[in-house]
Enquirer: 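One structure follows; several queries about it will come next.
Source: prediction; values computed, not measured. Because only heavy atoms are used, hydrogens play no part in the values below, and waters and symmetry mates are left out as well, while side chains stay in. Each chain gets a letter, A, B and so on, in the order its sequence line appears, and its residues count up from 1.
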Amino acid sequence: MSELHEPLLEWYAAHARELPWRGPGATPWRVMVSELMLQQTPVARVLPVFEAWVERWPTPADLAAAPVGEAVRAWGRLGYPRRALRLHAAAVAVVEHHGGEVPGSYDDLIALPGVGDYTASAIASFGFGGRHAVLDTNVRRVLARAVGGVEHPGPSVTRAERDRAEALVPGEDDAPTWAIAVMELGALVCTAASPRCGDCPVATQCAWLAAGRPAYDGPARRGQAWAGTDRQVRGRLMAVLRDAPGSVSPDRLAEAWPEPVQRERALASLLADGLVVRQEGRYALPG
DNA sequence: CAATCGTGGAG
DNA sequence: TCTCCAAGATT
């Protein structure tokens with residue numbers, strides 16, 4: 001136990017947000033749904049979609065029995081709609097291979113569609129009380145600063161970084177709370193752009209603060225282009241399909257993105273992903 | 001390892 | 001207005 005644990009656990013006890021995938025009602029299924037939705041997506045935007053989702057599909061079997069297109073529609077504007085396909089596929093896998101119960105082991109979890117290292121660790125930890133290093137962008141940033149003394153972690157997780165994170169995981173009883181506490185600190189205090197070091201419970205232990213908060217000096221962090229990209233076009237097309245009760249004509253899609261070459265390329269990729277199906281010359285969400 | 005994949009709020 | 005970026009995964 002480093003000097004970080006006690007103040008951080010204490011801070012979390014006092015400042016944790018009440019979220020519907022935390023607390024006593026946090027079933028593994030709710031944790032799993034929340035984690036998929038939270039990938040690269042802010043909490044505030046997830047909340048309403050999550051509530052509607054678990055209300056409609058209270059168990060993996062409920063979702064698995066629904067048409068995958070309904071999952072895509074219910075995903076709404078959360079972004080990265082392939083996650084809806086993967087969550088649906090994961091529910092099917094849970095029913096087929098795990099008797100309808102979300103598995104609790106890291107190995108079983110990471111084998112599910114849409115579940116990578118972070119999500120498997122998070123579900124095993126928050127849903128089952130397991131002891132895992134949970135390395136999300138928040139945890140990486142907090143440890144980069146507090147322990148590493150730099151403003152931002154590198155572009156990908158290094159071996160040393162993982163070792164450092166694992167060395168900090170406390171005993172079984174505190175491991176899940178430690179993980180969520182570090183994440184929460186990164187989300188609320190040790191934020192990327194303008195950290196509130198004055199409110200930080202581990203400010204006196206922070207190597208980055210002690211060094212005078214030196215500016216990031218690593219490889220350039222690539223921004224995400226957006227305007228005019230295929231992603232934007234895919235988003236436009238998906239919005240049309242989500243909002244339509246049934247299938248739509250090619251003309252409707254053309255209105256969403258008049259330029260034909262890029263539109264067709266985006267549409268082809270959506271078909272390849274299984275986010276869209278073709279029906280008699282028209283297009284729709286999958287059945 | 002690097003590219004790809006949405007969305008919209010915040011600064 | 002425009003850049004940044006938010007509980008990543010997959011190829």
Enquirer: Does the plane of the ring in A:His132 sit parallel, tilted or perpendicular to the ring in A:Tyr106? Use 30° and 60° as the thresholds.
Expert: parallel
Enquirer: With nearest nucleotide decided by heavy atoms, which residue, A:Leu270 or A:Ser194, maps closer to the 5′ end of DNA chain B?
Expert: A:Leu270
Enquirer: Find the distance A:Arg45:CZ to B:dA10:P and express it as a whole number of Å.
Expert: 10 Å
Enquirer: Considering only B:dT4, C:dA7, C:dA6, which nucleotide approaches the side chain of A:Arg17 most closely?
Expert: C:dA7
Enquirer: With a non-hydrogen cut-off below 4.0 angstrom, is A:Ser156 in contact with a base, only sugar-phosphate, or nothing?
Expert: sugar-phosphate
Enquirer: For the residue pair A:Arg45 and A:Arg77, what are the closest heavy atoms and their distance?
Expert: CD-O, 4.1 Å
Enquirer: What is the distance, to the nearest angstrom, from the CD atom on A:Gln224 to the C1' atom on B:dG6?
Expert: 9 Å
Enquirer: A:Pro42 has a side chain; which of B:dC5, C:dA6, B:dG8 sits nearest to it?
Expert: C:dA6
Enquirer: Hey, which of these two, A:Ala187 or A:Leu112, hits DNA chain C nearer its 5' end, going by closest nucleotide?
Expert: A:Ala187
Enquirer: Name the nucleic acid region contacted by A:Arg86, choosing base, sugar-phosphate or nothing; use a 4.0 angstrom heavy-atom cut-off, strictly under.
Expert: sugar-phosphate
Enquirer: Does A:Glu161 pair with A:Arg164 as a salt bridge, N-O distance under 4.0 Å?
Expert: no
Enquirer: Can you classify the ring geometry of A:His15 versus A:Trp11 as parallel (below 30°), tilted (30 to 60°) or perpendicular (above 60°)?
Expert: parallel
Enquirer: Which value, in whole Å, describes the distance between the P atoms of nucleotides C:dT10 and B:dG8?
Expert: 24 Å
Enquirer: Heavy-atom contacts under 4.0 Å between residues 226-261 of chain A and DNA chain B, which residues?
Expert: A:Trp226, A:Arg231, A:Arg234, A:Gly235, A:Arg242
Enquirer: If you find the nucleotide of DNA chain C closest to A:Thr191 and the one closest to A:Pro113, which residue's nucleotide is nearer the 5' end?
Expert: A:Thr191
Enquirer: Find the distance A:Leu19:CG to C:dA7:P and express it as a whole number of Å.
Expert: 12 Å
Enquirer: Taking OH from A:Tyr80 and P from C:dA7, how many angstroms apart are they, rounded to a whole number?
Expert: 13 Å
Enquirer: Would you mind classifying the nucleic acid contact of A:Gly116 as base, sugar-phosphate or nothing, using non-hydrogen atoms under 4.0 angstrom?
Expert: sugar-phosphate
Enquirer: Heavy atoms from C-beta onward define the side chain here; which of C:dA7, B:dG6, C:dG8 lies closest to that of A:Val43?
Expert: C:dA7
Enquirer: How close do A:Val95 and A:Ala64 get, counting heavy atoms only, and between which atoms?
Expert: CG2-CB, 3.9 Å
Enquirer: Counting only side-chain heavy atoms from C-beta out, which of C:dA6, B:dC1, B:dG8 sits nearest to A:Arg77?
Expert: B:dG8
